[in-house]
There are 2 protein chains.
Amino acid sequence: MRTELPVVGEPRLGLPAPDVVDATAAAGMLADRTRAGILRMLAEGPHCVCEMAAALGERDNNVSNHLAKLRDAGLVHAVRHEANARFLYYERDEAAVAAARAALMDVLR
Amino acid sequence: MRTELPVVGEPRLGLPAPDVVDATAAAGMLADRTRAGILRMLAEGPHCVCEMAAALGERDNNVSNHLAKLRDAGLVHAVRHEANARFLYYERDEAAVAAARAALMDVLR
DNA sequence: CAAACACTTCAGCGGATCGTGTGATGTTCA
DNA sequence: TGAACATCACACGATCCGCTGAAGTGTTTG
């Protein structure tokens, strides 16, 4: 099954430019091994920085740097552990994740 | 509605590293405005290079460069127009696109 | 055939990005 | 209080990546 090519001999100019700003922003977040690993781990539930750094084989400050980018993008936010306030537990913002998912799916529709 | 934090005071070390290689590869392709625009346009049907370059406001050779990357990734392939063989029409590889979609959704599950 | 067209390839340049190192903040514990 | 811990913020160096320009292949047209 092959899609049919346009029969016109002339290319169609003036086609509208697709809007992909949200998709490229979301993809930019996922395009890094560490950030993708973070988001994948947070899909299971909250994690603190040292947990994720250990699992990903990265240094704490590096993971922290990437978390800052994810935070600025609104994809995650941090919560202090009530019993052990020295641990910052990160969790995903499900609304933002859903929006990113939708933007990506729109391009790969 | 807030996910509950782990009650343990100690972080869980030794968690498994998530596999995100396919997702980062797919995201890397989508993380560029031009490539995302190409894939979005090809979702509607085949297009030749000049059509996409015009719609995206990019030079032909730039679009061609990005198409080469998408080709190497297996996401698109080119077909010569039967009536006008000087036009190369690109179409998406739906199987590869579905795989990319699945890899991305696994991270943002 | 020659010229115009559609597209590709590649080197090179400039800017973005990643990992690291370092210093600072806040928390727990002895 | 002081030491160890968890995390952050920032700057630096190296690498990566996208855009451009120029040269080359194949196709159509006059």
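Being a predicted model, the structure only gives us computed values, none of them experimental. Naming convention: chains lettered A, B, ... in sequence-line order (proteins, then strands); numbering from 1 in each chain.
In the set C/dC7, C/dT28, D/dT7, the nucleotide with an atom closest to the side chain of A/Leu88 is D/dT7. The side chain of B/Ser64 sits closest to C/dT8 out of D/dT28, C/dC7, C/dT8. The side chain of A/Phe87 lies closest to D/dT7 when the candidates are C/dC7, D/dT29, D/dT7.
Side-chain contact check for A/Leu56 versus A/Thr34: some heavy-atom pair is nearer than 4.5 Å. Residues A/Leu39 and A/Val76 are in side-chain contact: their nearest non-hydrogen atoms beyond the backbone lie under 4.5 Å apart. At least one side-chain heavy atom of A/Leu70 sits less than 4.5 Å from a side-chain heavy atom of A/Ile38. Looking at A/Val20 and B/Arg35, their side chains never come closer than 4.5 Å, going by heavy atoms from C-beta outward. Side-chain contact between B/Phe87 and B/Glu51 is absent, with no heavy-atom pair separated by less than 4.5 Å.
Separation of atoms CZ (A/Arg59) and SG (A/Cys50) is listed at 16.0 Å; rounding is to 0.5 Å.
For C/dC7, neither phosphate oxygen OP1 nor OP2 lies less than 4.0 angstrom from any side-chain nitrogen or oxygen of B/Arg80. The side chain of B/Arg71 places an N or O atom within less than 4.0 Å of a non-bridging phosphate oxygen (OP1 or OP2) of C/dT9. Between B/Tyr90 and C/dT8 there is a side-chain N or O to OP1 or OP2 distance below 4.0 Å.
Taking atom CZ of residue B/Arg86 and atom C1' of nucleotide D/dT27, one finds them 7 Å apart after rounding to whole Å. Atom P of nucleotide D/dA4 and atom CG of A/Asn84 are separated by 19 Å, given to the nearest angstrom. Atom-to-atom, CD1 of A/Ile38 to C1' of D/dT7 comes out at 13 Å; the value is rounded to the nearest Å. As rounded to whole Å, 13 Å separates atom P of D/dG21 from atom CG of B/Asp60. The distance between atom NE2 of B/His47 and atom P of C/dA6, rounded to the nearest whole Å, is 17 Å. For B/Leu70 and C/dT9, the CG to P distance is 13 Å, given to the nearest whole Å. One atom, OH of A/Tyr89, and another, P of D/dA6, lie 10 Å apart when rounded to the nearest Å. At whole-Å resolution of the value, CG in B/Leu56 and C1' in D/dG18 are 15 Å apart.
Under 4.0 Å is where a charged nitrogen must lie from a carboxylate oxygen, and between A/Arg109 and A/Asp106 at least one such pair does.
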Contact pattern, 5' to 3', of nucleotides 13-25 of chain C - B, S or - by protein heavy atom under 4.0 Å: -----SBBBB---
